[in-house]
Amino acid sequence: MAQKVSVDISRRNGDTGFRGAESCPACKQLLSTEELEANYKVCPHCNYHFRIGAAERVAQLADRGTWNEIAASLRSADPLRFFDLRPYPDRIEEAEYDTGLPEAMIAGTCRIHKMDTVLAVMDFGFMGGSMGSVVGEKFWRAVDAAIETRYPLVVVCASGGARMQEGIISLLQMAKTTCAVEMLGEAAVPFVSVLTDPTTGGVMASFATLADVVIAEPGSLLCFSGPRVIEQTIKEKLPADFGRAEKNLDHGQIDMIVSRPELKDRLVQVLGMLEGGVACAIGPLWEEEKSSPGRRGALAEAIDRIKALANPSRRSPKK
Amino acid sequence: MAQKVSVDISRRNGDTGFRGAESCPACKQLLSTEELEANYKVCPHCNYHFRIGAAERVAQLADRGTWNEIAASLRSADPLRFFDLRPYPDRIEEAEYDTGLPEAMIAGTCRIHKMDTVLAVMDFGFMGGSMGSVVGEKFWRAVDAAIETRYPLVVVCASGGARMQEGIISLLQMAKTTCAVEMLGEAAVPFVSVLTDPTTGGVMASFATLADVVIAEPGSLLCFSGPRVIEQTIKEKLPADFGRAEKNLDHGQIDMIVSRPELKDRLVQVLGMLEGGVACAIGPLWEEEKSSPGRRGALAEAIDRIKALANPSRRSPKK
Amino acid sequence: MTELKRLPTLPGVHLRNEIAKISHRLIELNHDRRLDKNVWDKVELARHPERPYTLDYIHHMFPGFIELRGDRCFADDPAIIGGLAAYMGRTIMVIGHQKGRDLAARARRNFGMPRPEGYRKAQRLMNLANKFGIPVLTLIDTAGAYPGVAAEERGQAAAISQSLLCMARLDVPTVAVIIGEGGSGGALALALADRVIMLENAIYSVISPESCAAILWKDAEEAHLAAQTLRLTSANLSELGAVDAVLPEPRGGAHRDHAAAASIIKQALEENLRELEAMHPQARKRQRLEKFRQMGVWSEGGLTLF
Amino acid sequence: MTELKRLPTLPGVHLRNEIAKISHRLIELNHDRRLDKNVWDKVELARHPERPYTLDYIHHMFPGFIELRGDRCFADDPAIIGGLAAYMGRTIMVIGHQKGRDLAARARRNFGMPRPEGYRKAQRLMNLANKFGIPVLTLIDTAGAYPGVAAEERGQAAAISQSLLCMARLDVPTVAVIIGEGGSGGALALALADRVIMLENAIYSVISPESCAAILWKDAEEAHLAAQTLRLTSANLSELGAVDAVLPEPRGGAHRDHAAAASIIKQALEENLRELEAMHPQARKRQRLEKFRQMGVWSEGGLTLF
Ligand SMILES: [Zn+2]
Ligand SMILES: [Zn+2]
């Protein structure tokens with residue numbers, strides 16, 4: 001089921017990937033590609049976060065050589081035989097060519113600072129990061145893997161919403177991914193989402209906001225209805241900071257904003273914390289050892305004992 | 001434990017009880033006592049709800065002759081030996097004399113339109129309906145009775161908050177009554193609160209707002225901080241409708257507003273609905289009869305069978 | 001086709017591939033690039049101003065309905081109505097979008113487009129139902145969740161996702177009926193149910209045909225074509241497996257006879273609850289999660305799965 | 001006295017009456033109508049502007065603290081801080097009022113007076129902790145919940161009652177430490193814990209002495225007398241059985257040595273968690289509910305019970 005990732009970054013030519021130099025859209029400073037890549041594609045002058053693709057994200061987060069892609073051979077079908085100005089399969093083919101990715105999400109197991117993790121990453125360059133059947137199924141399989149291995153799940157989101165070309169089936173991916181989150185919750189496996197620019201629509205209104213801890217990148221647009229839809233409804237221009245991560249933080253919708261260079265460290269800290277609960281591990285211990293004394297034992301001793309007894313069953317794969 | 005209520009209404013002389021005639025504070029119409037009592041102490045011209053005492057409330061709600069008071073012999077102690085301008089025991093004695101009640105809450109079992117119920121009613125005339133140890137303990141015993149008998153719990157609230165004269169102990173009644181609500185919830189016994197004018201402070205911020213369904217009387221003041229406290233903080237006069245039931249309905253804090261003449265009927269409807277769930281009753285049935293067929297039986301038949309099997313254990317007392 | 005889907009799935013026997021093959025053949029047969037006038041007729045019927053709304057169904061189906069209001073947090077949202085009803089000897093919780101019949105009601109109910117408070121009220125009521133073992137019926141009829149700045153600031157996205165999670169989590173039986181417009185996430189938020197049923201002339205879509213046309217065809221005038229391409233009619237959705245059943249409407253449409261439409265829903269509710277209530281709560285929840293897992297069409301290693 | 005209370009209650013052996021008798025004798029002995037200057041000193045110490053606040057304790061006790069923000073509903077309330085911390089080889093959830101040290105911080109944190117969002121954030125974090133078996137530590141230091149119109153409209157009362165219910169419901173161990181001002185319901189909302197501990201110079205009261213004097217003595221100048229009458233010092237509360245333990249402060253008060261104060265709390269936390277974590281979650285919850293049931297003094301049939 002697992003195989004090496006086969007992403008060919010050189011083919012990418014979205015707004016984030018061309019070589020040479022580009023000017024920062026925020027502060028207009030000219031930045032060399034080397035400078036930008038050394039700084040995780042963040043402007044060193046004003047902290048503007050350039051959009052990055054899924055493969056680059058994996059490279060930034062996963063320890064070198066630890067990525068094992070799962071569900072790599074899933075491909076979109078065309079259940080509606082959708083045809084607007086162009087057929088749906090044409091759009092997919094073009095997106096594949098542009099991004100070097102098979103779909104708007106890649107998923108795999110990897111290590112993040114030596115911590116085993118299931119990681120799923122979306123790519124806005126692939127049809128606007130839209131969620132269709134393949135994104136939904138990959139999310140489900142990532143959850144399955146997390147439940148089976150007891151590795152925590154990290155999902156990096158970037159999406160314009162549902163993939164219209166799959167009609168109702170794309171809408172139902174919101175329900176499908178939510179059901180997966182419920183299963184993950186039943187198993188008490190930690191789930192952290194990272195919201196990047198932009199995360200909107202059906203992804204924002206399903207798994208992205210259902211994580212145990214929700215992290216956002218600075219300046220990212222995070223909303224359900226996009227600014228243009230709202231502007232059409234209220235016939236007014238919205239302020240530039242509408243729906244941005246910083247506003248969402250004030251409005252209580254996210255836990256924290258983390259700059260990209262700090263993201264890997266912060267993820268490991270958060271995941272470590274979520275994995276470090278002791279009391280729940282006592283549950284099964286007590287079931288088996290109800291008569292056990294030790295009420296007055298030294299704390300460190302008790303904790304060690306509890307962890308030693310409880311963690312193997314929490315961490316080891318089911319099979 | 002149960003005994004007949006021994007409230008002497010004739011001694012009451014609060015703002016709600018004197019004989020003869022009075023003018024409606026809202027529409028200024030002169031109303032005879034007979035007229036007013038025939039209409040549940042509600043102005044027939046403008047629907048203004050006069051405050052009523054606990055005994056009168058019990059008389060309005062409980063079927064005649066069905067009231068059995070519980071915890072009737074509980075009396076306030078004076079744990080702090082509290083003495084401001086007057087000693088606390090003096091204030092209690094005066095409140096007893098004024099209201100004919102032993103405390104700011106009376107509790108009992110009764111029938112409401114033939115439905116067995118545990119009913120607790122607060123009296124604003126007794127030291128402003130303040131919650132001290134006796135109110136907290138009566139609430140707990142009412143919950144105990146509801147859990148034991150499986151009768152639903154109805155609490156009619158009227159309170160200015162915690163009873164300062166019992167210091168920290170009165171504050172802790174909020175925690176105590178909340179713990180009781182949690183026990184009631186564990187037992188899945190329905191709990192309806194009726195908020196009357198005024199319900200504020202510690203009662204509003206504990207059991208009053210923790211009921212399964214929250215009903216309010218028209219025009220009643222329902223808030224945590226009273227208008228005077230807020231006016232002192234913001235140095236502004238508040239509008240007359242601040243914290244009123246109608247505002248609370250708009251702000252999503254209560255389920256419905258029910259006029260006093262309709263209250264008894266409405267209570268029975270709501271309690272009947274909360275008691276009428278079927279699916280949870282299937283739980284124990286399934287535990288015992290896992291291999292039972294009947295998946296295709298007629299609905300009415302299935303429901304009847306389920307109810308017949310499930311309800312006796314839900315409704316009969318534990319002992 | 002529908003019968004094939006309704007067969008109980010025995011362990012080891014997987015009909016999904018068979019269904020997929022037949023389904024695809026049906027889609028191919030049905031597919032036609034020419035405009036089918038019937039599709040737009042359905043869109044107009046689904047939005048018909050005299051079509052029965054949630055309150056009309058409540059009026060005809062549940063005379064003793066007790067409305068429960070408020071999210072206990074910020075507001076009561078009149079775009080979603082909820083409450084307790086007596087039904088066939090038991091209680092059910094009824095929750096639905098309400099568009100409003102006249103101008104004043106429409107303004108008050110925001111044309112049935114909920115704000116976050118509406119979804120939070122729905123969650124509160126579903127959790128209340130769950131506590132007392134009361135089955136949940138949702139009636140779906142909205143153009144979508146309200147797209148407004150304040151609604152966004154109060155967490156429209158999280159309100160919808162939490163509503164979905166709430167429905168995934170329930171131990172009680174849930175039946176969703178799409179009675180009119182099933183518009184996008186604002187509709188789905190109340191439709192993650194054990195049984196999702198659709199009225200014949202209702203529509204259910206990821207995006208309104210008008211918006212879809214504006215985005216994909218760059219021309220809102222192409223809404224008729226978009227509607228057809230989106231496959232949003234009850235017949236389309238049934239073929240795609242997106243809904244569990246389609247209910248016929250009274251001749252000419254539900255707006256011609258509210259009482260008859262209500263009685264059709266009532267009968268379907270009875271049948272579905274009969275089946276769902278006979279299941280163990282845990283098995284019912286497993287089946288619900290598994291049903292939504294199956295939603296999707298993709299290929300894997302060359303094989304197209306449905 | 002405290003030791004007597006700390007003895008494990010064996011089935012069939014009830015020390016409560018003994019404690020009550022001794023307690024009342026103590027109260028009588030201690031009671032004095034003359035003004036005791038020490039009481040008001042405590043009030044001033046509890047409110048001392050250099051007294052360590054929640055963030056100071058976090059700084060000294062939990063260097064790896066990760067703040068988690070927001071109620072997912074309306075706002076993030078800076079008057080309550082919460083987050084995850086590593087502690088003695090495990091994770092704990094730390095939640096506390098934060099008054100703000102300088103003028104700007106005070107304005108932003110509303111002087112540590114939470115709005116409903118603060119209590120809803122606390123509930124969210126406590127439920128998150130519960131999901132992963134993470135013990136909860138609350139640090140209490142507020143003059144009270146904020147009395148404002150908008151806060152009332154957004155359900156200040158329900159936010160507090162739900163916070164109480166949330167704490168009553170938790171399966172994980174909970175320790176509350178009153179570090180400064182324990183003001184009324186706004187403080188209690190975070191203090192329905194397995195262990196309620198108080199710093200020596202903290203106060204905990206149903207109402208501020210100033211408000212109490214204004215209401216009962218009709219004279220705010222009588223605040224000193226009210227403070228004494230309310231019995232709000234740690235010694236008083238320990239006698240009354242309202243708190244489980246009192247922690248000594250560094251000489252002169254916690255504000256003289258933040259690090260030493262933090263280390264005292266840290267040790268108490270260690271001891272209490274050691275005991276609590278060795279209990280079965282269900283037994284721990286029963287004990288918590290039973291503890292709060294015991295809060296109260298009344299007479300029944302002539303007998304005074306405590
Ligand atoms: Zn820049
Ligand atoms: Zn009048």
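Please read these numbers as outputs of a predicted model, since none were measured by experiment. Just so it is clear, the values below take in all heavy atoms, side chains as well, and ignore hydrogens, waters and symmetry mates. Chain A is the first sequence line, chain B the second, and so forth, proteins listed ahead of strands; every chain is numbered from 1.
Of all heavy-atom pairs between C:Val206 and A:Ala162, the closest is CG2-CB, 3.4 Å. Between C:Glu152 and A:Cys223, the shortest heavy-atom distance links the atoms OE1-CB, 3.2 Å. When all heavy atoms are compared, the tightest approach of C:Ser205 to A:Leu171 is O-CD2, 3.9 Å. Among all heavy-atom pairs drawn from C:Ala242 and A:Leu172, the shortest one is CB-CD1, 3.6 Å. The two residues C:Leu164 and A:Ala205 make their nearest non-hydrogen contact at CD1-O, 3.7 Å.
With respect to chain C, the highest number of heavy-atom pairs below 4.5 Å among A:Arg86, A:Arg163, A:Lys176 belongs to A:Lys176. With chain A as the partner, the residue from C:Leu188, C:Ile207, C:Ile215 showing the most heavy-atom pairs under 4.5 Å is C:Leu188. Top candidate by heavy-atom pairs under 4.5 Å with chain C, chosen from A:Met183, A:Lys247, A:Gln173, is A:Gln173. For the options A:Glu186, A:Met204, A:Glu103, heavy-atom pairs under 4.5 Å to chain C are most numerous at A:Glu186. The greatest number of non-hydrogen atom pairs below 4.5 Å with chain A, out of C:Lys218, C:Arg286, C:Met167, C:Gln162, is found for C:Arg286. Listed options A:Asp250, A:Thr178, A:Thr177 were ranked by heavy-atom pairs under 4.5 angstrom with chain C; first place goes to A:Thr178. The greatest number of non-hydrogen atom pairs below 4.5 Å with chain A, out of C:Gly185, C:Ala159, C:Pro147, is found for C:Pro147. For the set C:Glu290, C:Glu222, C:Arg154, C:Glu153, the count of heavy-atom pairs under 4.5 angstrom toward chain A peaks at C:Glu153.
Using a 4.5 Å cut-off between heavy atoms, C:Leu192 touches chain A through its side chain atoms alone. With a 4.5 Å cut-off on non-hydrogen atoms, A:Gln165 touches chain C through its side chain but not through its backbone. In this structure, no portion of C:Leu232 lies under 4.5 Å from any heavy atom of chain A. Proximity to chain A (any heavy atom under 4.5 Å) is shown, for C:Leu216, by both the backbone and the side chain. At a 4.5 Å heavy-atom cutoff, the contact between C:Leu289 and chain A is made by backbone and side-chain atoms alike. The parts of A:Glu182 that come within reach of chain C are both its backbone and its side chain, each placing non-hydrogen atoms under 4.5 angstrom from that chain.
Between the CH2 atom in C:Trp298 and the NZ atom in A:Lys138 there is a gap of 12.5 Å [rounded to 0.5 Å]. To the nearest 0.5 Å, the span separating CD on A:Glu137 from CD on C:Gln294 amounts to 8.5 Å. Annotation: the span from C:Gln156 atom CD to A:Thr209 atom OG1 amounts to 11.0 Å, rounded to 0.5 Å. Distance check: A:Ile168 CD1 to C:Tyr204 OH gives 5.0 Å after rounding to the nearest 0.5 Å. Atoms CZ and SG, on C:Arg288 and A:Cys179 in that order, are 8.0 Å from each other to the nearest 0.5 Å. Rounded to the nearest 0.5 angstrom, A:Leu80 CG and C:Thr229 OG1 are separated by 8.5 Å.
Residues from residues 231-239 of chain A that place a non-hydrogen atom less than 4.5 Å from a non-hydrogen atom of chain C comprise A:Thr233, A:Ile234, A:Leu238, given in numerical order. By a heavy-atom distance cut of under 4.5 Å, not one residue of residues 110-123 of chain C is near chain A.
Of the possible donor and acceptor atoms, one in the side chain of A:Ser133 sits under 3.5 Å from a partner among the backbone N and O of C:Val297.
Other residues, nucleotides and ligands place more than 12 heavy atoms under 6.0 Å from the CD atom of A:Glu246.
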